[in-house]
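In what follows, a structure is listed as structure tokens, so that the remarks can point back to it.
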Amino acid sequence: MSGKSRRDFLKSTALIGAGVTGLTTTAKAGPQNILSEDRMGVLVDTTVCVGCRNCEWACKDAHNLPAGNLEDYEDRKVLDTKRRPGTDALTVVNEYSHGKNSSLPIDVKVQCMHCDHPACVSACIVGAFTKHENGTVTWDTDMCIGCRYCMAACPFQVPAFEYDKALNPMIMKCDFCFDRTKEGKLPACVEICPVEALTYGKRSDLIKIARDRIKRNPDKYVDHILGETEVGGTSWMYLASKDFAELEFPKLGKNPAPGVSESIQHGIFAYFVPPISLYALLGGIMWITKRRKELDEEVK
Ligand code: SF4
Ligand code: SF4
Ligand code: SF4
């Protein structure tokens with residue numbers, strides 16, 4: 001655990017110890033709304049995407065995951081199987097049969113949606129997930145205790161768990177290239193996309209661009225910007241020539257999903273273990289997790 005993480009954790013434990021009655025309220029409250037009007041997003045236009053999978057390669061390359069050669073991604077056989085983002089690929093591209101007025105297949109890049117009201121943030125009982133003002137949802141590997149509540153809570157089934165790692169298994173997901181965008185760079189996938197199927201910009205501007213495209217090309221697009229309102233809005237949004245349910249997006253309402261995760265947390269506090277015992281337990285698990293990581297580093 002970093003010094004700051006440890007301090008924050010101890011601070012929150014102390015506060016909890018001082019006021020047990022306030023804990024259930026805090027646990028049910030969900031993340032603080034820190035969303036900026038200027039928060040960023042990406043508009044994915046699936047009618048433009050050609051399924052080259054360069055974005056998959058660039059994402060791995062930017063995150064120190066085994067990426068192989070870019071030329072190998074020209075093999076389209078991979079697209080015969082539907083895939084989900086995982087620990088070896090934070091984004092994947094899937095292919096579906098043609099849509100409105102086109103005989104071309106539809107290619108859909110999938111990754112974390114960076115929800116405006118992220119269920120993963122609400123679900124995480126040690127605060128390892130953070131929603132940032134610029135729209136990004138990140139997580140802190142040092143704080144993660146591997147409980148996998150975030151996986152259960154995510155309405156898009158995004159967080160992946162390193163089941164194959166005996167030591168220090170981690171949750172993995174797209175971090176919206178937080179380190180790159182902080183330096184003013186584009187997300188790696190956006191930068192490499194050869195046909196500008198991905199547009200990075202202010203979320204509010206992206207919605208205007210998307211609406212304009214639909215208005216100008218009613219025969220090309222279904223009249224729906226996926227992510228504009230789903231689960232309270234997401235930073236990543238999609239345009240398509242086919243109903244999104246046929247592209248394997250879950251059908252979700254406008255209400256933020258954290259209600260689901262709040263019940264997970266509430267269930268723990270109401271029926272499982274008393275809060276102080278729980279936090280003492282979590283403190284122990286976090287210490288063990290940290291110690292394992294240190295031992296792992298020493299072995300390397
Ligand atoms: S898509 Fe899932 S993992 Fe990503 S921010 Fe939303 S709830 Fe969290
Ligand atoms: S934004 Fe970054 S982390 Fe997310 S899919 Fe694109 S390259 Fe990967
Ligand atoms: S790089 Fe662009 S065109 Fe190629 S698969 Fe990714 S989003 Fe589609």
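Atoms within a ligand are numbered from 1 in the order they appear, just like the ligands themselves. Numbers for residues simply follow the sequence, beginning at 1.
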**Prompt:** What residue among Arg76, Arg53, Lys109 forms salt bridge (charged side-chain N to carboxylate O under 4.0 Å, His left out) with Glu95?
**Reply:** Arg76
**Request:** Could you tell me whether Glu191 and Arg180 have a side-chain N and a carboxylate O separated by less than 4.0 Å?
**Result:** yes
**Message:** Suppose I only count heavy atoms of Ala119 and a 4.0 Å limit; which atoms of ligand 1 are within that range?
**Reply:** 7 (S)
**Distance filter under 4.0 Å to Phe156 heavy atoms, resulting ligand 1 atoms** = 1 (S)
**Prompt:** Where on Lys173 is there a heavy atom closer than 4.0 Å to ligand 1, on the side chain, on the backbone, on both, or on neither?
**Reply:** side chain
**Asked** What part of Lys109 sits under 4.0 Å from ligand 2 if we count only heavy atoms: the side chain, the backbone, both or neither?
**Response** side chain
**Complete:** ligand 3 to Cys49, heavy atom cutoff 4.0 Å, flagged ligand atoms 3 (S), 5 (S), 7 (S), 8 (Fe)
**Message:** I'd like to know if Ile192 contacts ligand 3, where contact means a heavy-atom distance under 4.0 Å to any ligand atom.
**Reply:** no
**Request:** Heavy atoms only: give me the nearest Phe161-Met151 pair and the separation to one decimal.
**Result:** CB-SD, 3.6 Å
**Request:** Any atoms of ligand 3 less than 4.0 Å from a non-hydrogen atom of Cys52? List them with their elements.
**Result:** 1 (S), 3 (S), 4 (Fe), 5 (S)
**Message:** Among all protein heavy atoms in this structure, tell me which lies nearest to atom 4 (Fe) of ligand 1, with the distance rounded to 0.1 Å.
**Reply:** Cys112 SG, 2.3 Å
**Asked** Between the side chains of Asp175 and His63, does any donor sit under 3.5 Å from an acceptor?
**Response** yes
**Message:** How far is atom 5 (S) of ligand 3 from the closest protein heavy atom, and which atom is that?
**Reply:** Arg53 N, 3.2 Å
**Request:** In sequence, state the C-alpha distance, the side-chain angles, and the governing distance for Phe178 and Phe176, and then conclude on ring-ring contact (aromatic ring centres under 6.0 Å, His included).
**Result:** CA-CA 5 Å; Phe178 193 56; Phe176 209 164; 9.2 Å; no
**Fill in**
Any heavy atom of Asp175 under 4.0 Å from ligand 2? The part involved is both
**Prompt:** At a 4.0 Å threshold, what atoms of ligand 1 neighbour a non-hydrogen atom of Pro159?
**Reply:** 3 (S)
**Member of Asp45, Val44, Leu43, Leu186 meeting the side-chain contact (heavy atoms from CB on, under 4.5 Å) criterion with Leu198** = Val44
**Pro187, portion touching ligand 2 at heavy-atom distance under 4.0 Å** = side chain
**Request:** Indicate whether any N or O donor in one side chain lies under 3.5 Å from an N or O acceptor in the other, for Asn134 and Thr136.
**Result:** yes
**Prompt:** Is it true that Lys182 and Asp179 make a salt bridge, defined as a side-chain N closer than 4.0 Å to a carboxylate O?
**Reply:** yes
**Asked** Going by the atom numbers of ligand 3, which of them fall below 4.0 Å from some non-hydrogen atom of Val195?
**Response** 3 (S)
**Asked** Nearest heavy-atom pair of Ser235 and Gly135: which atoms, and what distance?
**Response** OG-O, 3.4 Å
**Asked** If hydrogens are left out, which of Gly135, Cys120, Gly232, Ser235 has an atom nearest to atom 8 (Fe) of ligand 1, that is, the closest non-hydrogen atom?
**Response** Cys120
**Heavy atom of the protein closest to atom 2 (Fe) of ligand 3 (residue, atom name, distance)** = Cys193 SG, 2.3 Å
**Item:** Lys/Arg cation over aromatic Tyr96: Lys82, 6.0 Å, 45° cone
**Value:** yes
**Request:** Say whether Thr234 and His114, considering side chains only, have a donor N or O and an acceptor N or O under 3.5 Å apart.
**Result:** no
**Message:** Under 4.0 Å from a heavy atom of Thr91: which atoms of ligand 2 are those, numbered in the order shown and with their elements?
**Reply:** 5 (S)
**Asked** In the single-linkage hydrophobic clustering (I, L, V, M, F, W, Y; side-chain heavy atoms under 4.5 Å), do Leu206 and Ile214 co-cluster?
**Response** yes
**Message:** Counting only heavy atoms closer than 4.0 Å, does ligand 1 sit against the backbone of Cys174, its side chain, both, or neither?
**Reply:** neither
**Prompt:** Which is it for Arg180 and ligand 2 at heavy atoms under 4.0 Å: side chain, backbone, both or neither?
**Reply:** neither
**Item:** Numbered atoms and elements of ligand 3 in range of Val93, under 4.0 angstrom, heavy atoms
**Value:** 5 (S)
**Prompt:** Taking 2.8 Å as the cut-off, does an N/O/S atom of Cys189 lie below it from atom 6 (Fe) of ligand 2?
**Reply:** yes
**Fill in**
Under 4.0 Å from one or more heavy atoms of Trp236, ligand 2 contributes atoms 1 (S)
**Fill in**
With heavy atoms and a 4.0 Å threshold, my read on which part of Trp57 contacts ligand 2 is neither
**Request:** Search all heavy atoms of Ile225 against all heavy atoms of Met237 and return the closest pair with its distance.
**Result:** CG2-CB, 4.0 Å
**Request:** Give the numbers and elements of all ligand 1 atoms closer than 4.0 Å to a heavy atom of Pro155.
**Result:** 7 (S)
**Asked** Between Lys131 and Thr138, does any side-chain donor sit less than 3.5 Å from a side-chain acceptor?
**Response** no
**Complete:** the protein heavy atom lying closest to atom 3 (S) of ligand 2 turns out to be His63 CE1, 3.1 Å
**Message:** Which residue and atom name correspond to the protein heavy atom nearest atom 6 (Fe) of ligand 1, and how close is it?
**Reply:** Cys115 SG, 2.3 Å
**Message:** Check for me whether the distance between the ring centres of Phe156 and Phe249 falls short of 6.0 Å.
**Reply:** no
**Prompt:** Nearest to atom 1 (S) of ligand 1, what protein heavy atom do you find, and at what distance?
**Reply:** Met113 N, 3.5 Å
**Asked** Quick check: does Cys55 have an N/O/S atom under 2.8 Å of atom 6 (Fe) of ligand 3?
**Response** yes
**Prompt:** Mind checking whether Val121 and Val137 have side chains closer than 4.5 Å, heavy atoms only?
**Reply:** yes
